[in-house]
Number of protein chains: 2
Amino acid sequence: MGDPKSVDLPARLVAAALSALERGEDIGLRAVARDAGVSAMAPYRHFRDKAALLAAVAMRGFVDLKTALLAADAQRDARAALIAQGEAYLAFARARPALFRLMFSGHDCGPPPVEDNAYGVMVRRVRQLAPADPDAATLACWSAVHGMATLALDGGLPPGDARLEHAALSLVVAGLAPPDPG
Amino acid sequence: MGDPKSVDLPARLVAAALSALERGEDIGLRAVARDAGVSAMAPYRHFRDKAALLAAVAMRGFVDLKTALLAADAQRDARAALIAQGEAYLAFARARPALFRLMFSGHDCGPPPVEDNAYGVMVRRVRQLAPADPDAATLACWSAVHGMATLALDGGLPPGDARLEHAALSLVVAGLAPPDPG
DNA sequence: AGCCTATGTGTACGATGTACACGACAGGGA
DNA sequence: TCCCTGTCGTGTACATCGTACACATAGGCT
């Protein structure tokens, strides 16, 4: 993991932290540094403190999330695309729970850059679907999707009942605009 | 805070932890014990470890949340009651952010007891409003409300734009069932 | 050459969660 | 009366954490 010392240390550190996260371990700065092949104090040359490293990891997570949302959005029908985005969001949270939690732990500096990344993908579709009061529609949609993901992780959502989740997402999307008028 | 040694220690510890949370400090077991007027090891006579203490604090939070939801639910119109519940949920999260985060941090033992507490208050109203596919409606509603609260804390919800939030909640509730048929 | 800056090392400190052995103290049988 | 036993809290000790500090080293400039 930390063998190729030729690549820059910040990237190696982020990669090591990410892989520790995916492995389910709680990341410690010392362990990350060791996995990256450097001493415990080396990360401080590139990150102000542990929180800054975690913020960098979270950034990476937001990039991946945006990619997933973009892929799910590649559909003709706006309504279906929006629902698919929601399902992709949920799948992302379930596939990488620790990373997802980190992304929305708020310990990082200020609000997460959701607006410039994943957020925008969903906002476009919502605006297209609900031109009247698009801000409220966006907030409703984003809240439902994000809430479902966090409930799946830390709330009490029983298992991954795909049919139920699809139905719930459909309900929300249907509420944004009249479902299928002539 | 820790003066009245007559009352039982577990309650004093939970109270001390809660007040530290509300004060914005991150709770440390030693500090909590000191605030409760006992030594650092005393809590271990009543809680297996720090996580168990936090779980007890979270329980208290769920009780308070249920109370708030019940108060908001005291209305005639089901739709209005549901929206009021959402707003109360959001207000709770904003008023006691650290407690709210703790309640849904997942570090506690298993899923939070939402079902027996706050969850049920909302479920009743949703079932009353959307008798067809009530499970999906419940999931949609709960997700939207919880998601909006977490986004308000750790996502990038700008300020507390009450009008916008009310509109978003209305959209979701409207999606649960046709808004006002004859 | 000499030097400057960036980068990484080693050591040390305070704080944390917690394991362990001990002391104080109440209640109940002899 | 004494003692025995269980519950509760104390004090000490240890591993681990994040991180401040001083130092070593390497690469590019003049």
Side-chain angles (χ1 to χ4, degrees), chain A residues 1-59 98-99 101-103 105-110, chain B residues 1-59 98-99 101-103 105-110:
Chain A
M1 175 56 56
D3 283 342
K5 300 224 188 353
S6 50
V7 298
D8 58 337
L9 184 52
R12 288 209 328 271
L13 288 170
V14 170
L18 238 166
S19 108
L21 262 192
E22 315 273 3
R23 222 161 29 229
E25 315 166 3
D26 50 343
I27 63 174
L29 207 145
R30 286 169 137 104
V32 167
R34 178 166 17 88
D35 285 5
V38 293
S39 82
M41 283 303 295
Y44 287 90
R45 290 293 157 184
H46 307 274
F47 301 97
R48 189 190 310 278
D49 53 8
K50 179 185 179 182
L53 207 184
L54 295 191
V57 175
M59 289 281 187
L99 175 60
R101 264 187 282 254
L102 172 66
M103 289 161 62
S105 287
H107 57 56
D108 46 4
C109 36
Chain B
M1 175 57 60
D3 283 343
K5 300 227 190 348
S6 49
V7 297
D8 58 337
L9 184 51
R12 288 212 323 273
L13 288 170
V14 170
L18 237 167
S19 109
L21 264 191
E22 316 272 3
R23 219 162 29 230
E25 316 165 1
D26 50 344
I27 62 173
L29 208 146
R30 286 167 136 102
V32 167
R34 177 165 18 87
D35 286 3
V38 293
S39 83
M41 283 302 295
Y44 286 90
R45 291 290 161 187
H46 306 275
F47 301 96
R48 187 190 312 279
D49 53 7
K50 180 184 179 182
L53 207 184
L54 295 191
V57 175
M59 290 281 187
L99 176 59
R101 264 188 282 256
L102 172 66
M103 289 162 60
S105 287
H107 57 56
D108 46 3
C109 37

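Each chain gets a letter, A, B and so on, in the order the sequences are listed, and its residues count up from 1. Note that the structure is predicted; figures quoted are calculated from it, not measured.
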Locate the shortest heavy-atom distance separating A/Phe47 from A/Val14; write the atom from each residue and the value. CZ-CG2, 4.1 Å
What bend angle does the helix from C/dA1-D/dT30 to C/dA30-D/dT1 show across its length, from five-pair end axes and to the nearest 10 degrees? 30°
Return the minimal non-hydrogen interatomic distance between A/Asp35 and A/Ala16, and the atom names on each side. CB-CB, 4.0 Å
Over all heavy atoms of both residues, which pair between A/Leu99 and A/Leu21 is shortest? Give the atoms and the distance, please. CA-CD1, 3.8 Å
May I ask you to verify if any side-chain N or O of B/His46 is less than 4.0 angstrom from the OP1 or OP2 atom of D/dG9? yes
Between P on C/dT7 and CZ on A/Arg12, what's the gap in Å once rounded to a whole number? 13 Å
How does protein reach along nucleotides 11-18 of chain C, written 5' to 3' as B (base within reach of a heavy atom under 4.0 Å), S (only sugar-phosphate), or - (no contact)? BB---BBB
Whole-Å distance between D/dG18 P and A/Leu13 CG? 13 Å
Whole angstroms only, please: what is the CG-P distance between A/Leu53 and D/dC17? 15 Å
A/Pro10 versus A/His46, closest heavy-atom pair with distance: CG-ND1, 3.4 Å
If I take atom CZ in residue A/Arg45 and atom P in nucleotide C/dG10, what distance separates them, rounded to the nearest angstrom? 14 Å
Atom pairs and distances, side-chain donor-acceptor, residues 25-32 of chain A, under 3.5 Å, sequence neighbours left out:
from: A/Glu25; atom 1: OE2; to: A/Arg23; atom 2: NE; distance (Å): 2.9

Which heavy atom of B/Leu13 sits nearest a heavy atom of B/Ala36, and at what distance? CD2-CB, 3.7 Å
Of all the heavy-atom pairs spanning B/Ala40 and B/Ala33, show the shortest one and how long it is. CA-CB, 3.9 Å
Close side-chain approach of B/Val38 and B/Arg12, heavy atoms under 4.5 Å: yes
